[in-house]
A.B. asks: 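For reference, the structure I am asking about is given below.
What you are looking at is a predicted structure, and each value in this text was computed from that prediction instead of being measured.
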Amino acid sequence: MPKVVSAARFIVTLQVAFAIVALLISGSLMLAGGIDWLPALILSGGIALTVALGLVMGRFDTRRRLIRWSMIALQVVAATAYLGPMVADSSVRILRLLSPNALLPAAVIVLLLLPAAGRWFDR
């Protein structure tokens with residue numbers, strides 16, 4: 001496995017690990033405070049995205065093109081889920097753009113678009 005693919009896999013591992021911790025904290029706070037439909041919908045979307053990232057990350061060894069493009073698409077969804085509400089609310093600030101929620105998906109996208117990753121995912 002090329003170093004760029006290993007680095008992308010490591011970054012996705014960090015994303016999934018921190019997402020699991022954040023979802024557990026958010027879910028327990030939601031259960032303690034009462035369940036409303038909108039936070040529950042947002043939480044279920046986060047759970048679905050985390051599960052999808054974990055499943056696709058686990059398939060990196062198959063070297064299929066579909067896995068590469070699926071991961072890129074999931075990273076676009078992850079970045080959009082973070083940046084979308086900021087753009088809609090007109091509260092975009094440079095420090096928020098330098099958040100790990102924005103930088104890590106961008107790093108994975110760049111790493112997976114490099115030629116070495118393209119050669120790895122050749123099937």
A.B. asks: Under 4.5 Å between side-chain heavy atoms, hopping through other hydrophobics if needed: is there a path connecting Trp69 to Ile67?
C.D. replies: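 The answer is yes; both residues are in one hydrophobic cluster.
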A.B. asks: Please check if Phe10 and Val56 belong to a single hydrophobic cluster, counting links between Ile, Leu, Val, Met, Phe, Trp and Tyr side chain heavy atoms closer than 4.5 Å.
C.D. replies: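 No: no chain of side-chain contacts under 4.5 Å links Phe10 to Val56.
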A.B. asks: Quick one: list whatever passes salt bridge (charged side-chain N to carboxylate O under 4.0 Å, His left out) with Arg64, sequence neighbours left out.
C.D. replies: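 Arg64: no salt bridge (charged side-chain N to carboxylate O under 4.0 Å, His left out) contacts found.
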A.B. asks: Determine, step by step, whether Ile11 and Leu111 satisfy the side chain to side chain contact (heavy atoms under 4.5 Å, CB included) criterion, reporting the C-alpha distance in whole Å, the side-chain angles of both residues, the deciding distance to 0.1 Å, and the verdict.
C.D. replies: CA-CA 10 Å; Ile11 292 170; Leu111 287 171; 3.9 Å; yes
A.B. asks: Please report, to 0.1 Å, the donor-acceptor pairs under 3.5 Å made by any side chain of residues 16-23, with sequence neighbours excluded.
C.D. replies:
none

A.B. asks: Salt bridge check: are Asp122 and Arg68 linked by an N-O gap of less than 4.0 Å?
C.D. replies: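 Looking at Arg68 together with Asp122, the answer is no, because their closest N to O distance does not fall below 4.0 Å.
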A.B. asks: Between Met71 and Leu53, does the side chain to side chain contact (heavy atoms under 4.5 Å, CB included) criterion hold? Intermediate values first, please.
C.D. replies: CA-CA 7 Å; Met71 183 56 77; Leu53 282 171; 3.7 Å; yes
A.B. asks: Are Phe121 and Met1 connected in a single hydrophobic cluster, I mean Ile/Leu/Val/Met/Phe/Trp/Tyr linked by side-chain heavy atoms less than 4.5 Å apart?
C.D. replies: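 Linked within one cluster.
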A.B. asks: For Ala8 and Leu112, work out which heavy atoms get closest and say how close.
C.D. replies: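 Where Ala8 meets Leu112 most closely, the heavy atoms are CB-CD2, 4.0 Å.
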A.B. asks: What's the shortest heavy-atom distance between Pro105 and Ala78, and which atoms?
C.D. replies: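 Scanning both residues, the minimum pair turns out to be CG-CB, 4.4 Å.
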A.B. asks: Testing the basics here: between Val4 and Ala116, what is the closest heavy-atom pair and its distance to 0.1 Å?
C.D. replies: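 Closest heavy-atom pair between Val4 and Ala116: CG2-CB, 3.7 Å.
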A.B. asks: Can you name the side-chain contact (heavy atoms from CB on, under 4.5 Å) partners of Val110, sequence neighbours left out?
C.D. replies: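 With neighbours one apart ignored, the set is empty.
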A.B. asks: Honestly curious: do Leu103 and Val12 fall in one hydrophobic cluster under the side-chain, below-4.5 Å linking rule?
C.D. replies: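 In one cluster: no.
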A.B. asks: Does Val5 share a hydrophobic cluster with Leu113, counting links as ILVMFWY side-chain heavy atoms below 4.5 Å and allowing steps through other members?
C.D. replies: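 Linked, Val5 and Leu113 end up in one cluster.
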A.B. asks: Using the ring-ring contact (aromatic ring centres under 6.0 Å, His included) criterion, which residues pair with Tyr82? Sequence neighbours excluded.
C.D. replies: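 Once residues adjacent in sequence are excluded, Tyr82 has no partner under the ring-ring contact (aromatic ring centres under 6.0 Å, His included) criterion.
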A.B. asks: Which distance, rounded to the nearest 0.5 Å, do you find between the CZ of Arg119 and the CZ of Arg63?
C.D. replies: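 With rounding to 0.5 Å, CZ (Arg119) is 11.0 Å from CZ (Arg63).
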A.B. asks: Taking all non-hydrogen atoms of both residues, which atom of Trp120 and which atom of Phe60 are closest, and how far apart?
C.D. replies: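 Where Trp120 meets Phe60 most closely, the heavy atoms are NE1-O, 3.4 Å.
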A.B. asks: Tell me, which pairs form a side chain to side chain donor-acceptor pair (under 3.5 Å) where one or both residues lie in residues 12-34, sequence neighbours left out?
C.D. replies: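 Of all non-adjacent pairs touching residues 12-34, those that pass side chain to side chain donor-acceptor pair (under 3.5 Å) are Gln15-Gln75.
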A.B. asks: Please list, one pair per line, the donor and acceptor atoms closer than 3.5 Å that link side chains of residues 40-49 to other protein atoms, with sequence neighbours excluded.
C.D. replies:
residue, atom, partner, partner atom, Å
Ser44, OG, Ala40, O, 3.2
Ser44, OG, Leu41, O, 2.8

